[in-house]
Amino acid sequence: MLYIWRRGIGCTVLPIVEAPQYKDIHSYITWLNKIASKWRRIWEENCLYQASPSSKPKFYITAAFPYPNGMMHLGHARTYTLTDIYARYKRSRGFNVLFPMGFHYTGTPVLAMADKIKEGDKATLKLFKELYRIPDEVIEKMKDPLFLVRYFHEKIRESMKIIGLSIDWRREFTSIDPDFSSFIRWQFNKLYEKGFITQDTHPVGWDPVVGTPVSSHDTKGDVEPEIVEFTLLFFTLDDGTILPAATLRPETVFGAVNIWVNPGAVYVKACIDGKNWILSKEAAYKLGFQLKKIEVIEEFKGEKLVGLRTRNPATGWRVPVLPAVFVDPDTGTGIVMSVPAHAPYDYVALKDIMKQKDFLLKLGIKPSELQPIPVIEVPGRGNKLAVDVVESMKIDKQTDREALDKATKEVYSIEFKQGRMLDDIAYRVLSDINDDRLRSYVVAAIKSLIAGKPVPEARDATAKWLSDAGLADKMYEIANGPVYSRWGNKVVVKILENQWFLDYGKEEWKKLAREALASMRIIPPGIRKDFSETIEWFQKRACARTRGLGTKLPWDEEWVIESLSDSTIYMAFYTINYILRNNGIGPEKLTPDVWDYILLGKGSPREISKKTGIPVNVLMDSRKEFEYWYPLDSRHSAKDLVKNHLTFFIFNHAAIFPKDKWPRQIVVYGYVMYRGQKMSKSLFNVIPVEMLAKQLSPDGLRIAIALSSEIDQDLDFREETAYTLIEQLRRIHTLILSHKEIIKEYRKKPIPTRISLEDSWIISKIKERLDHAAEMLEESRIRDAGNTIFYIIEEDIKKYIDILKTKKRYLDEESKVILAHIFDTWIRAMAPYTPFYAEELWSTIGGEGFVVEASWPIIEDEFYSEEALLAMEYIDRLVNDIREIIRVRKKKPREIIVHVVKPGEYRLLWKAIEYIEGNKPMKEYIREVVSEALNKKKAGIIARQVYELASSLPPKIRHIASNVSLDEKGIIKELDVWIEKLVGAPITVYYQGEKDAKIVGREKKPSLPLKPAIYIEFYNK
RNA sequence: GCGGGGGUGCCCGAGCCUGGUCGAAGGGGGCGGACUCAAGAUCCGCUGGCGUAGGCCGGCGUGGGUUCAAAUCCCACCCCCCGCACCA
């Protein structure tokens, strides 16, 4: 096919080349797909990414392994692609790079998924069939969770291969492999020995029928059960029977004037831990799961309690029990204390009751007893906030739940944030004690601990005070209830006894973690703060659960180690697992001694060999390989893992390994959105990567992920953006193909020593671009580097070619060599991003070996000319100025006349740059220049202009200009045809003050260094 | 509530740490032009206002402050997003 350059003055008909004349983007993508499978096969045959110890410096990089409960999606693709680009870049810089991958089977979600398939759950089936396109007969088999997880494992591995991740697959494993379990047991024994594992009670969401903990994926609608802690305040009857009022605001007990029960609800009298309690039937049932021994004695309606007098545990007041329909027997205990001054519900309900004078009379209750009694004062809002809010919102029915909830929220929030306890609450305390001396002690104690304090502090103090006195207890409740488990039962809170915890709160451990963090590089740097705060904030973390896939706790086989706890140091496992497996070392041989030796260098390989039967050389090779790869050089994941996995990773490395094996770097990526929306299974937009890779081609997908946003940014993935980028690949492709023969022939020829300005400029410019890209890649600024490589370099090259054509020297001998070198260089720089594409181009231009194994392009310093860069900048500025004038005059130019300074006149500029770079003010500069000048006034004006000019230069260019003087006339002459083309008129250049220098119209601004005087003659139109 | 992040031009989004070089990178969209029979793609220019000479004036959530100088530093306020634990 014939390809003709149409643009430019020096149109050249090129020899026939195989330029891709694809009709549209889609056929181009088809081609990209084709070469991708070709190169994938060839690379695989050549085992390119298998990394073993060598004499090269090593670079060990890992990304968080996936949990295979679905297809690989864009979130995975982003993390792995960015990691891969970094890995490939490092490889091109001469490192022996290891990038392994495993699969995380630990946990319960796949069990839940398999159950959902069994149950015929519509949403899950729809997802699997319509979005994942899994055949029916396969879905049928997914009722087995192990089948399901293995299926997705295979699919994800396949997708990873499709998009060209440079993974060493020999080291692949899953977190339920027996040898891995052995490794995890070793880790946990170590932590246990160090005292980092403790046991305690722990509240969890619980299915009371099935008898199992529930988390979000076990509930209807995937709701996470939230647990709140109620304080139970013991209001007591004369016989000592306890009415436990459940509250979130124990500090308001000082204003509790009555107790509410729901008259229609069923209550029970029960013996709890040896005492009689009255509470709702539901509450008694729920408390049974919270370490209470409960024996129900009798059942009755709530109305039976109405009128009884109970003792307020804080004040000693004898307050009545009254009926209220708003009381929910299934929240808390069904017993509610009434604090009308601070609780809108209570105030409204009391207003209702006050209307029933006869009713109160019959019970012997005086309305004065039920008046709101203030407890908390809010500056500017008085001390009965609930009353004010209810009155201003005009709420008058206790059934108006919507308004009351709103009012409650408002009162709660304002009082919590701004409220203080009144001083006089102290005098109310234990008012039923008559002994004056005793009372004065009590009052003093309350004054110092509770009265006058801010609400949050008073709340805790009140609960602790009453609890220590045996007058309060606590109860857990589902805050966002009712929540139903996927088996259809209402979730309750159970307190697990003997829960195992990793004690991240332990100061000794935190100290190590802080130290480890301090020694690491964090990218982006802003995330470091998140890590240090997370380290401080961590307390105990439950590390085992009662069910799910995983490894059993070595000393307590009832428990399975939980997924975020068995994935903290697994990077160490990749370094040696394949050696053990290749030598047929089964898990039964992997005793703690073996791990101690391989991972910590403890013990003698001979003895261990004798005990376990593992050959000495296998042990020693393993130790050697671990020592070669560890420490981990870079850990990559999305930012959702910062506050859990990545911090655990730091803690556990710090706990298990010596300092020289602590990780060196963490790189954190942003989230992925799809077409402006969050990705979620319920939105049905979790598009499988294998489909996107087909639709956009692997390289197209990679480049879209890499260039659409910087790594710390959230990426909004859109196919259109990808297409635009693929178009760019096609454009570059065309450009390179049209020079194919030249590149082949000239890429090994030396760059000539005598070259033109534009030649020198392009070489220097490309060097500058590559250096910038490399610098960015070192910091994992993938997008910035990619932009430079795929867009900015292309523009430079096009500009260069355009200049060549304008000067009618396109494809002369010098330019052929230079173009060949640049294209060769360029293809290598693209390889980390679009490896398949780059490999194809590389083979097209006759490159040696594989481009994915080639080194990062380096342009030697000897070809780098700052002067050329400055000269081109000078030309650009000149052209812009000329255009600006033409634009303002709105006329067609006839001739451009330029007066430039002589090469010797750069002194003022240099001095100005010296002042700017030294951060010295303009005033001083002007003063100095003026003091040396003859015509002071003129010198002052010029000095200011020069200073302003210098400060307007980009820092890099400015720095170059600080010790270079250009022959401006020579430069303009060298590129005059190019300038003429850009401004559309002939240009003549003179030195300022030259005898025959032509001037059009009156004299304009004088020439300055880098800023020539411009005169333009226009046509009269 | 606690903790973290953020509000920039028509839109998306860099810059802010280390104040001047920020009308403010880069996209997208829009407008005009080139190419084309035409459309698309591509390329060039414009896209705050004013200006018949390369210039001038407003401007980076709101209000104050520091400074010769602030998108950048300080204070207050308004608004938005994310995480909070046994869950991968």
Side-chain angles (χ1 to χ4, degrees), chain A residues 6-7 23-25 64 66-69 104-110 202-205 213-218 224 226-227 412-413 416-417 456 496 499-502 504 525-527 529-530 533-534 536-545 548 562-565 567 639-645 671 676 707-710 712-714 716 718 720-721 724-725 727 730-731 734 783-784 787 791-792 798 802 877-878 880-891 916 919 921-923 948-958 982 1000-1002 1004-1005 1011-1016 1018:
Chain A
R6 293 203 192 84
R7 283 192 326 109
K23 278 199 302 285
D24 54 34
I25 187 78
Y67 184 74
N69 67 338
H104 201 195
Y105 281 22
T106 313
T108 52
V110 290
H202 184 58
V204 293
V214 282
S215 52
S216 59
H217 53 261
D218 297 314
E224 176 78 41
E226 289 166 35
I227 296 171
Y412 187 103
S413 159
F416 185 78
K417 278 189 231 170
L496 296 176
Q499 169 72 54
W500 291 100
F501 292 89
L502 284 168
Y504 292 123
I527 303 278
K529 209 164 63 181
D530 285 14
E533 257 146 30
T534 308
E536 297 315 318
W537 169 71
F538 266 3
Q539 291 303 321
K540 279 192 268 189
R541 177 185 170 88
C543 63
R545 47 182 315 167
E562 164 276 340
S563 63
L564 283 171
S565 304
S567 57
K639 69 179 172 200
D640 52 337
L641 299 187
V642 169
K643 292 207 157 74
N644 44 65
H645 164 261
Y671 296 122
L707 295 201
S708 302
S709 68
E710 202 46 89
D712 50 343
Q713 215 76 42
D714 292 345
D716 185 3
R718 289 165 193 275
E720 310 91 81
T721 320
T724 318
L725 285 154
E727 289 284 5
R730 178 161 69 157
R731 215 169 299 137
T734 308
R783 175 179 124 115
D784 191 321
N787 236 357
Y791 281 96
I792 299 181
K798 280 193 307 194
D802 209 11
R877 288 174 160 257
L878 174 62
N880 274 337
D881 281 348
I882 295 171
R883 282 178 163 176
E884 172 81 0
I885 296 164
I886 294 170
R887 197 169 66 83
V888 174
R889 286 297 298 268
K890 297 182 184 111
K891 282 183 182 173
I916 291 167
N919 262 328
M922 173 156 48
K923 263 188 241 167
E948 280 172 358
L949 167 73
S951 68
S952 81
L953 294 168
K956 220 173 195 167
I957 297 293
R958 181 168 59 210
L982 293 179
V1000 181
R1002 63 196 160 85
K1004 294 285 160 31
K1005 294 178 179 171
K1011 185 103 180 160
I1014 301 165
Y1015 300 88
I1016 302 176
F1018 291 95

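What you see is a predicted model, and the numbers here were worked out from it, not measured in a lab. Here is the naming used below: chain letters follow the sequence lines, and residue numbers restart at 1 for every chain.
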Is B/rG3 paired to anything, Watson-Crick or G-U wobble with both distances less than 3.5 Å, and if yes, which nucleotide? B/rC82
Any A/Arg883 side-chain nitrogen or oxygen under 4.0 Å from OP1 or OP2 of B/rG54: no
Between P on B/rA85 and CD on A/Gln499, what's the gap in Å once rounded to a whole number? 15 Å
Would you say that A/Leu707 contacts A/Thr721 through its side chain, given a criterion of any heavy-atom pair below 4.5 Å between the two side chains? no
Suppose you measure atom P in B/rC17 against the same atom in B/rG7; what distance do you get, rounded to whole Å? 14 Å
Would one find a side-chain N or O of A/Arg731 under 4.0 angstrom from OP1 or OP2 of B/rA41? no
Pair assignment for B/rG20, Watson-Crick or G-U wobble, requiring both distances under 3.5 Å: B/rC68
Choosing from B/rA85, B/rA88, B/rA53, which nucleotide comes nearest the side chain of A/Tyr1015? B/rA53
Protein-nucleotide distance (A/Lys639, atom NZ; B/rG5, atom P), rounded to Å: 11 Å
If the C1' atom of B/rC84 is compared with that of B/rG26, how far apart are they to the nearest Å? 36 Å
Are there any protein N/O atoms within less than 3.5 Å of an N/O atom in nucleotides 47-51 of chain B, and if so, which ones and at what distance?
{"residue": "B/rG51", "atom": "O6", "partner": "A/Arg887", "partner atom": "NH2", "Å": "3.1"}

When the P atoms of B/rG30 and B/rG40 are compared, how many Å lie between them, rounded to an integer? 11 Å
For A/Ser709, answer base if it contacts any base atom (sugar-phosphate contacts may also be present), sugar-phosphate if it contacts only those atoms, and nothing otherwise; contact means non-hydrogen atoms under 4.0 Å. nothing
Answer with yes or no whether A/Asn644 presents, from its side chain, a donor or acceptor under 3.5 Å of a partner atom in the base of B/rA88. yes
What's A/Arg783 touching, base or sugar-phosphate or nothing? Going by heavy atoms closer than 4.0 Å. base
What nucleotide, of B/rA88, B/rG83, B/rA85, holds the atom closest to the side chain of A/Pro109? B/rA88
Rounded to whole angstrom, note down the C1' distance from B/rA53 over to B/rG65. 41 Å
B/rU21 and B/rG33, which share atom name P, separated by this distance in whole Å: 36 Å
Closest of B/rG54, B/rA85, B/rC43 to the A/Ile885 side chain is B/rG54
Partner lookup for B/rG48, please. Criteria are Watson-Crick or G-U wobble with both distances under 3.5 angstrom; report none if nothing qualifies. B/rC57
Side-chain contact, heavy-atom cut-off 4.5 Å: A/Leu725 with A/Tyr791? yes
Among B/rA88, B/rA85, B/rG83, the nucleotide that comes nearest once only the side chain of A/His104 is considered: B/rA88
The side chain of A/Ile1016 lies closest to which of these nucleotides: B/rG55, B/rC43, B/rA53? B/rA53
The side chain of A/His202 is closest to which nucleotide in this list: B/rG54, B/rC86, B/rA53? B/rC86
Distance col, row A/Ile886:CD1 vs A/Ile1016:CD1, nearest 0.5 angstrom, shows 4.5 Å
Picking from B/rG3, B/rA88, B/rC84, which would you name as closest to the side chain of A/Glu533? B/rG3
Tell me which nucleotide, if any, is Watson-Crick or G-U wobble paired with B/rA88 when both distances must be under 3.5 Å. none
A/Asp881 atom CG is separated from B/rG55 atom P, nearest whole Å, by 7 Å
In Watson-Crick or G-U wobble terms, both distances under 3.5 Å, what is the partner of B/rG15? B/rU8
Please round to the nearest 0.5 Å and tell me the distance separating atom NE2 of A/His104 and atom CG of A/Asn69. 12.0 Å
Tell me which nucleotide, if any, is Watson-Crick or G-U wobble paired with B/rG63 when both distances must be under 3.5 Å. B/rC75
Could you measure the distance from the OG1 atom of A/Thr534 to the NZ atom of A/Lys643? Nearest 0.5 Å is fine. 5.0 Å
Compare the minimum distances between each of B/rG83, B/rA88, B/rC84 and the side chain of A/Lys643, then state the nucleotide with the smallest one. B/rG83
Would you kindly give the CG-to-P distance between A/Leu725 and B/rA41, to the nearest whole Å? 16 Å
Tell me whether the OP1 or OP2 atom of B/rG5 has a side-chain N or O from A/Lys529 closer than 4.0 Å. yes
Nearest 0.5 Å, what's the CD1-NE2 distance between A/Ile227 and A/His202? 7.0 Å
Looking only at the side chain of A/Glu562 (C-beta and beyond, no hydrogens), which of the listed nucleotides B/rA85, B/rA88, B/rG54 gets closest? B/rA88
Listed nucleotide nearest any side-chain atom of A/Thr724, set B/rG28, B/rC82, B/rC86: B/rG28
How many angstroms lie between atom OG of A/Ser709 and atom CG of A/Asp714, to the nearest 0.5 angstrom? 7.5 Å
Do the side chains of A/Ile885 and A/Phe1018 get nearer than 4.5 Å, heavy atoms only? yes
A/Ser565 and A/Leu502, any side-chain heavy atoms less than 4.5 Å apart: yes
